[in-house]
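Here is the structure we will look at, set down as structure tokens.
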Amino acid sequence: MAAIRGFGGFGGLEGCGRGLWWHGGRVKTVVHWFRRDLRVTDNTALHEADRTAERVVPVFCWDDAILRSPDVGGARVAFLLESLRSLESNLEAMGHRLVVRRGRPEEVLRALARESGASAVFANRDYEPYSRERDARVASALASEGVAFRSFKDSVVWEEREVLTGSGGAYTVFTPYSRAWRAKGIPAPRPRLSRARVAPDLALASEPLPRTSAELGHPRGHGLIAAGERAGMKALDEFLEGRVERYATGRDTPSDDGGTSRLSPHLRFGTVNVRTALERLARARAAAPEAGGQRGCDVWQTELIWREFYAQVLANHPHVATGSFRREYDALAWEGRDEWFDAWCAGATGYPVVDAAMRCLNATGWMHNRLRMVVAMFLTKDLLVSWQRGERYFMQRLVDGDLAANNGGWQWSAGTGTDAAPYFRIFNPVSQGEKFDPAGAFVRRWVPELAGVPDRFVHRPWDDPGRRATGKYPARIVDHGVQRERCLRMFKAVRGEGTVEARGAGSGE
Ligand SMILES: Cc1cc2nc3c(=O)[nH]c(=O)nc-3n(C[C@H](O)[C@H](O)[C@H](O)COP(=O)(O)OP(=O)(O)OC[C@H]3O[C@@H](n4cnc5c(N)ncnc54)[C@H](O)[C@@H]3O)c2cc1C
């Protein structure tokens with residue numbers, strides 16, 4: 001096995017194999033392996049490959065282990081495919097050619113490095129447990145050929161060991177984490193990939209991109225959010241040109257006019273990078289007319305910090321991927337019935353806001369943040385179904401499904417996570433609906449059975465004396481008040497508590 005030193009680090013490339021001693025001059029060929037960074041602008045590893053090598057060979061590898069995972073679904077595969085199409089044409093416009101292959105990444109990359117004569121494979125780091133293990137396999141397969149593997153920080157501003165408490169530990173509470181995060185400043189975006197210096201090697205085999213996600217085994221594609229780098233930048237600019245100024249007040253309303261940015265799938269697949277988003281946000285804030293507008297910018301930045309917070313929770317505490325952050329809650333005795341879970345998935349619980357949100361998710365691959373919290377709390381605390389079943393269902397359906405953010409959101413809602421809602425805070429699905437969808441516009445759109453129910457009763461049709469919900473709308477499958485008490489008992493049993501604190505219980509926050 002050829003010795004490689006220094007891969008994974010940030011210094012000059014070292015190693016033997018194909019004459020790889022780079023301390024400022026260019027090596028001949030470097031492969032850039034695209035994963036969650038499907039763009040040519042502000043891409044750390046791609047820029048480093050461009051700076052390091054005469055020729056960059058861009059590759060995307062369909063990994064069957066991912067495509068066949070029970071956590072993957074059509075909305076995300078369709079978004080990925082569309083983003084790859086856009087990436088392919090952006091690369092072509094600059095004289096590069098995207099090589100697409102299918103197989104085990106360690107075999108695909110080893111073969112491609114050999115065929116292209118590459119000295120190294122560059123990639124941006126991915127922090128999920130599967131990705132870490134896969135990258136270790138790839139690095140060792142490449143090392144056996146004398147090819148270096150270098151990974152770079154890119155999808156987050158600060159990695160898991162870069163924002164730490166005074167004693168060097170990882171933060172488990174968001175507010176002090178966000179304070180420490182903000183104190184560090186923000187790195188500038190990286191330069192765009194330059195035009196190819198040499199013509200691409202057409203002899204390198206490449207598969208055409210499939211026409212639809214169905215060809216990849218995922219028929220349920222949705223096109224709600226336009227994919228690709230150009231669409232992502234357009235969405236970012238449109239949001240920052242005005243809507244961000246109303247974000248502090250408008251972000252909790254699930255409406256079609258875009259109270260939030262809908263950038264999550266772009267951040268998930270790297271069609272927009274967080275550095276670019278933050279740089280443009282700083283410009284928007286500087287131009288914002290008054291304190292209200294600036295406040296919107298600040299609140300939006302906080303959401304991007306939540307994204308980083310959950311990324312570092314997953315990286316520092318990988319056990320959250322398979323169990324509760326607070327391990328004692330793995331002993332919770334979830335009493336929920338399978339038919340309740342099925343009704344929740346189908347949007348047939350009899351609670352209008354829950355049903356509307358789930359039907360929206362099923363039809364579009366998307367759900368507003370407030371509604372994610374409502375339905376997650378309803379599943380865990382009203383239906384008493386384990387958060388892990390909901391987490392998986394979300395991963396299968398969401399276009400932005402992301403292990404760290406999804407797991408963080410579910411554990412927050414269930415009360416089992418780091419900075420979680422306390423177990424005794426249980427959203428009331430009726431008052432949540434009345435507060436955030438007061439005229440029932442969102443509910444009526446997704447639950448047409450309630451079209452004729454007056455505003456006053458649209459979130460509690462069982463109280464409507466006119467019984468105007470059409471016959472097909474189900475009766476409530478559980479009683480919120482009864483289930484709330486059962487939930488509190490379930491948590492108390494694990495906590496060994498005799499009485500439940502009253503504060504916040506049953507609140508409709
Ligand atoms: C149960 C549950 C599951 C969730 N699953 C996911 C998921 O799989 N993928 C995902 O990206 N987000 C998830 N979230 C977080 C949040 O709901 C979405 O990021 C948000 O709705 C995306 O809409 P947006 O892009 O318009 O957000 P904006 O409000 O415009 O926020 C900007 C960006 O900040 C990030 N962000 C915002 N809120 C959060 C948050 N609470 N946690 C982490 N990042 C956040 C996202 O990247 C988002 O695009 C989940 C939340 C809950 C409660």
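Read the numbers this way: they start at 1 and go in the same order the structure lists the ligands and their atoms.
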Examine Asp400 against ligand 1 and note whether any of their N/O atoms are separated by less than 3.5 Å. yes
Using ring centroids (six-membered ring only for Trp), state whether His266 and Phe79 fall under 6.0 Å. yes
Please verify whether a non-hydrogen atom of Trp366 lies at under 4.0 Å from ligand 1. yes
So for ligand 1, is His368 a polar contact partner (N or O within less than 3.5 Å, distance only)? no
Does the pair Glu449/Arg359 count as a salt bridge with the N-to-O cut at 4.0 Å? yes
Is the shortest distance from a heavy atom of Phe239 to ligand 1 less than 4.0 Å? no
I need the contact type for Trp412 against ligand 1. Using non-hydrogen atoms and a strict under-4.0 Å cut-off, is it side chain, backbone, both or neither? neither
Hey, is Met373 one of the residues with a heavy atom under 4.0 angstrom from ligand 1? yes
Contact between ligand 1 and Gly408 is defined here as a heavy atom of the residue under 4.0 Å from a ligand atom; is it met? no
Identify whether the distance between the nearest side-chain nitrogen and carboxylate oxygen of Arg85 and Glu88 falls below 4.0 Å. no
Using distance alone, decide if ligand 1 has a nitrogen or oxygen within less than 3.5 Å of any nitrogen or oxygen in Ser413. no
Compute the shortest N/O to N/O distance between Asn406 and ligand 1 and return yes if it is under 3.5 Å, no if not. yes
Is Trp306 close to ligand 1, meaning an N/O of one under 3.5 Å from an N/O of the other? no
Are the aromatic ring centres of Tyr310 and Trp412 under 6.0 angstrom apart? no
Decide, yes or no, whether a salt bridge links Arg132 with Glu160 under the criterion of side-chain N to carboxylate O below 4.0 Å. yes
Quick check: does Leu263 get an N/O under 3.5 Å from an N/O on ligand 1? yes
Flag the pair Trp181 / Tyr171 as yes when their ring centroid distance falls below 6.0 Å, and as no otherwise. no
Examine ligand 1 and decide if any of its atoms is less than 4.0 Å from a heavy atom belonging to Arg262. yes
